[in-house]
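Only one structure is covered here, and it is reproduced in the block below.
Numbers here are sequence positions counted from 1.
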Amino acid sequence: MRYEDSNLNEVIISGVINAITDTNDKYIKFGITTKKYTTKEDKNVYVSLNIARELYNVYQDYFVKDNKIYIKGYLNSYIDKNKGIKSFVTVTDVANNREEILNGRKAPHIREDDDGVLVWNGKRCEDTPATEEEIKEMEELLKEYR
């Protein structure tokens, strides 16, 4: 076994979104509330996460306060100016169900923007009118069927 293979830090976690902060940076920060893993007590755990803006844009309809969300990512940390260690999870995948996180997606993510335009995996599907040249070409192609 290679050394780097023995150091895994992948995280899979689920919880309820408690905060979303757009810092106008390349990441969106958000927090989730989940349950502490213990058999003796029922306590909440609060987790801080970062998601790349591009990935956030694909799945932004999941990011509503109080929504249940499933996350895959990796543990990250830094030392702050007071020499304290700050840990957070950098998100690599997000879903609204457990199976997609564990087994991968079987279909693209499709949603509708506020203005009614469909969004396919984060890309808006704008209605672009055909040019005169394109209309003539389509009419020529369809001529034999009329």
Side-chain angles (χ1 to χ4, degrees), residues 1-135 137-139 141-142:
M1 176 187 283
R2 294 188 331 229
Y3 175 76
E4 55 270 8
D5 291 340
S6 65
N7 294 308
L8 302 176
N9 74 349
E10 184 176 65
V11 175
I12 296 177
I13 190 168
S14 66
V16 175
I17 295 176
N18 59 40
I20 303 165
T21 306
D22 187 345
T23 60
N24 292 321
D25 195 7
K26 63 181 181 175
Y27 291 98
I28 306 286
K29 296 183 179 300
F30 69 102
I32 62 171
T33 304
T34 190
K35 296 292 181 194
K36 184 176 184 179
Y37 181 75
T38 178
T39 56
K40 297 182 181 178
E41 53 189 345
D42 188 23
K43 291 194 174 184
N44 287 337
V45 174
Y46 304 97
V47 182
S48 176
L49 304 108
N50 288 349
I51 185 169
R53 185 171 298 280
E54 296 82 27
L55 187 58
Y56 173 83
N57 288 339
V58 172
Y59 298 105
Q60 70 185 23
D61 53 323
Y62 295 162
F63 288 89
V64 176
K65 193 172 178 185
D66 298 325
N67 264 8
K68 173 100 178 195
I69 196 166
Y70 296 82
I71 302 293
K72 184 186 287 187
Y74 57 92
L75 187 59
N76 232 324
S77 65
Y78 64 94
I79 298 175
D80 67 11
K81 62 183 176 186
N82 298 322
K83 305 277 191 252
I85 296 175
K86 301 294 181 184
S87 296
F88 59 93
V89 174
T90 299
V91 176
T92 58
D93 198 7
V94 59
N96 64 351
N97 67 72
R98 184 175 187 259
E99 289 304 309
E100 285 189 354
I101 287 297
L102 295 178
N103 301 323
R105 283 190 177 67
K106 304 210 179 349
H109 182 69
I110 302 169
R111 66 177 175 81
E112 191 173 306
D113 257 354
D114 294 337
D115 60 358
V117 174
L118 285 180
V119 180
W120 179 282
N121 279 341
K123 305 267 191 242
R124 287 175 55 93
C125 300
E126 301 284 350
D127 183 18
T128 308
T131 64
E132 283 295 320
E133 184 178 300
E134 291 169 329
I135 292 170
E137 182 181 339
M138 286 185 278
E139 286 173 351
L141 290 170
L142 297 171

Around atom [atom1] of [X], are there more than 12 heavy atoms from other residues, nucleotides or ligands closer than 6.0 Å?
{"X": "E132", "atom1": "CD", "value": "no"}
{"X": "E112", "atom1": "CD", "value": "yes"}
{"X": "I85", "atom1": "CD1", "value": "no"}
{"X": "R98", "atom1": "CZ", "value": "no"}
{"X": "E139", "atom1": "CD", "value": "yes"}
{"X": "L141", "atom1": "CG", "value": "yes"}
{"X": "K29", "atom1": "NZ", "value": "no"}

Taking every non-hydrogen atom, the tightest pair across [X] and [Y]:
{"X": "V47", "Y": "L49", "answer": "O-CD1, 3.6 Å"}
{"X": "V89", "Y": "V11", "answer": "CG2-CG1, 4.3 Å"}
{"X": "Y70", "Y": "S14", "answer": "CD2-CB, 3.4 Å"}
{"X": "V94", "Y": "I69", "answer": "CG2-CD1, 3.2 Å"}
{"X": "K35", "Y": "V45", "answer": "C-CG2, 4.1 Å"}
{"X": "E134", "Y": "P129", "answer": "OE1-O, 4.5 Å"}

* Are N18 and K65 close enough that a side-chain donor and a side-chain acceptor fall under 3.5 Å? ->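 No - no donor-acceptor pair under 3.5 Å links their side chains.
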Got a second to check how far [X]'s [atom1] is from [Y]'s [atom2], nearest 0.5 Å?
{"X": "E137", "Y": "L142", "atom1": "CD", "atom2": "CG", "result": "10.5 Å"}
{"X": "K68", "Y": "T34", "atom1": "NZ", "atom2": "OG1", "result": "6.5 Å"}
{"X": "I51", "Y": "N57", "atom1": "CD1", "atom2": "CG", "result": "9.0 Å"}
{"X": "Y46", "Y": "T33", "atom1": "OH", "atom2": "OG1", "result": "5.5 Å"}
{"X": "K123", "Y": "L118", "atom1": "NZ", "atom2": "CG", "result": "15.5 Å"}
{"X": "T90", "Y": "N9", "atom1": "OG1", "atom2": "CG", "result": "9.0 Å"}

* **Residues that K26 engages under salt bridge (Lys or Arg N to Asp or Glu O under 4.0 Å), provided they are two or more places apart** =>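 By the salt bridge (Lys or Arg N to Asp or Glu O under 4.0 Å) rule, K26 matches no residue at all.
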Judged by atom type as modelled, is there a donor-acceptor pair below 3.5 Å linking the side chain of [X] to the main-chain atoms of [Y]?
{"X": "N97", "Y": "E99", "answer": "yes"}
{"X": "K43", "Y": "K36", "answer": "no"}
{"X": "N67", "Y": "Y62", "answer": "yes"}
{"X": "S87", "Y": "S77", "answer": "no"}
{"X": "D25", "Y": "Y27", "answer": "no"}

Side chain proximity check, [X] to [Y], heavy atoms < 4.5 angstrom:
{"X": "N76", "Y": "Y78", "answer": "no"}
{"X": "R105", "Y": "D93", "answer": "yes"}
{"X": "I28", "Y": "R53", "answer": "yes"}

* To do: Check side chain to side chain donor-acceptor pair (under 3.5 Å) between D61 and all other residues, then give those that pass, not counting sequence neighbours.
  =>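 With neighbours one apart ignored, the set is H109.
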* Going by the angle between their ring planes, with limits at 30° and 60°, are Y56 and F63 parallel, tilted or perpendicular? ->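 Correct class here is tilted.
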